[in-house]
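I have placed the structure first, in the form of structure tokens, so that the comments after it can refer back to it.
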2 protein chains.
Amino acid sequence: MSESSTTDTKTSILDAAEMLFVEKGFDGTSLRSVVAKADVNIAAVHYHFGSKESLIQAVLARRLEPINRERLERLAALRESNGKGELQLEDVLRALFEPALRLAGGGEPGSNNIVRLIGRIFSEPSHALQLFLKDRFRDVFENYTSAFREILTELPDLDFYWRIHFMLGAMCHTLCDRERPVILSGGVCDVESQHEVLEQLVAFVAGGLRAQSTGGK
Amino acid sequence: MSESSTTDTKTSILDAAEMLFVEKGFDGTSLRSVVAKADVNIAAVHYHFGSKESLIQAVLARRLEPINRERLERLAALRESNGKGELQLEDVLRALFEPALRLAGGGEPGSNNIVRLIGRIFSEPSHALQLFLKDRFRDVFENYTSAFREILTELPDLDFYWRIHFMLGAMCHTLCDRERPVILSGGVCDVESQHEVLEQLVAFVAGGLRAQSTGGK
DNA sequence: GTCTATAGAACGATAGAC
DNA sequence: GTCTATCGTTCTATAGAC
């Protein structure tokens, strides 16, 4: 727990693993490539983390914990500031998206990468990882689902849950792929502008959530 | 090129690889597990496909070719049947989504799996695979982008391209994850109903594409 | 076209000295 | 807490018999 003046072994392993996981995926990244990049010994990984699977979870937990904590805080703040008033859809969407998107434009070196990793984890095939994520996202999911349900009162359950799913898809895809919008737009889209990405995503998702029901029960 | 009364070696390798790629990912699937499932020899993979990378591309090409061909045919049919009339947004969305979604409810054994694989390939980190896909999707992308541009005439370029990106996100996520909607809705959503998935996705995306511009240039 | 056998390298993980 | 050395496994790929 002691602070070191230079980056310690544990942190440099996390940093190196994070970058390589983004570039090569979890299965495509060997512990040997991690220790080479971090300039530490192979045995240090097992001493500090125990196994590759535990290292993966540690890399994710380090970034997800502050993001999901801020998401909950911002939703609570929205409820408080509104008193008995109704939540506004765009406000809730910003509270959900911004903590993750901000990392992309953040100051920390390498933080640009982790955003892509966070977007990709939902489509990872590993069952162990899915269980880990289910646990990490439970509070955020439950609180935000309640909030959206309060706002979209007239939407049938069927439509509501499908649209929550589509919303997650648009968000994950946006976090995941930071090149495609620039390329396919010929440079019109600017993924480096946190404000632009956030407002565009909010507008699209809000439009999708508010669309007329397809007539389900 | 000869037809065999039973499934031949090449096809059984493709089938086995396809299923394992879905379950374990590309890097997480070894050729040894493929040949074990296909009940063929390890050397047969290299004889028929040359390398693991080529096998991956062959697995994808087998499914993508008919899907993307049908997408182009359906868009052309829409243009023809409309004469000089305007394309309808929902019609174009159905033409884009349905050829892929239909595989999920299709008759072929294993076709249920490939849908998830198709949804995941866009977030694969391999550069070689991304180049392969860019080539396979070029025609579809160009034709459908033009069609959407004709329909959404009043949308600024900035908003337009971002929304195309978000649309792909919703679609890929839907193809990718065939369990989450059922779980998070408590069984309300039915991913086995091809009609339900298609119409829900079309309604959400159409709503997002039609949302008011955020005021970009 | 299918097989056996194996090359040659990389993998995750651990034991034990310091 | 960090190191060297290494175990046992698994990997892709190929050579050569049939």
Tabulated below should be each protein N or O lying under 3.5 Å from an N or O of nucleotides 14-18 of chain C; please produce it.
none

Donor-acceptor pairs are to be reported for all side-chain atoms of residues 117-129 of chain A against protein atoms at under 3.5 Å, with residues two or more places apart or in another chain.
| residue | atom | partner | partner atom | Å |
| --- | --- | --- | --- | --- |
| A:R120 | NE | B:S123 | O | 3.1 |
| A:R120 | NH1 | A:F21 | O | 3.3 |
| A:R120 | NH1 | A:V22 | O | 3.2 |
| A:R120 | NH2 | A:V22 | O | 2.9 |
| A:S123 | OG | A:R120 | O | 3.0 |
| A:S126 | OG | A:A128 | N | 3.4 |
| A:S126 | OG | A:L129 | N | 3.1 |

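- Counting all heavy atoms, side chain and backbone alike, A:V205 lies closest to B:F204 at O-CE1, 4.2 Å.
- Following rounding to the nearest Å, B:F49 (CZ) and D:dA13 (C1') show an atom-to-atom distance of 16 Å.
- Under the side-chain hydrogen bond (donor to acceptor under 3.5 Å, both in side chains) criterion, B:R71 pairs with B:N68, not counting sequence neighbours.
- B:D15 and B:S12 form no side-chain donor-acceptor contact under 3.5 Å, judged by distance and modelled atom types alone.
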N/O-N/O pairs, protein side and nucleotides 7-10 of chain D side, under 3.5 Å:
none

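- Atom CG of B:L55 is separated from atom P of D:dC11 by 15 Å (rounded to the nearest Å).
- Here the C1' atom of nucleotide C:dA10 and the CG atom of B:L31 are 15 Å apart, to the nearest Å.
- Between A:K52 and B:Y47, the residue anchored nearer the 5' end of DNA chain C, judged by the nucleotide with its closest heavy atom, is B:Y47.
- Of the two residues near DNA chain D, A:H48 and B:S51, the one whose nearest nucleotide lies more 5' is A:H48.
- The separation between B:I13 atom CD1 and C:dT2 atom C1' is 11 Å, rounded to whole Å.
- When the P atom of C:dA10 is taken as reference, atom CG of B:D27 falls 16 Å away, rounded to whole Å.
- For B:E90 and B:R94, the salt-bridge test fails: no basic side-chain N is under 4.0 Å from an acidic carboxylate O.
- With ring centers used as reference points, A:H173 lies 6.0 Å or more from B:H173.
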Name the atoms and distances for all side-chain donor-acceptor pairs under 3.5 Å in residues 35-49 of chain A, with sequence neighbours left out.
| residue | atom | partner | partner atom | Å |
| --- | --- | --- | --- | --- |
| A:N41 | OD1 | A:A43 | N | 2.8 |

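- Taking 4.0 angstrom as the limit, A:T9 places a side-chain polar atom (N or O) nearer than this to OP1 or OP2 of D:dT2.
- Taking every heavy atom of both residues into account, B:L184 and A:Y161 meet most closely at O-CE2, 3.2 Å.
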Under 3.5 Å, sequence neighbours excluded: what are the donor-acceptor pairs made by side chains of residues 53-60 of chain A?
| residue | atom | partner | partner atom | Å |
| --- | --- | --- | --- | --- |
| A:S54 | OG | A:S51 | OG | 3.2 |

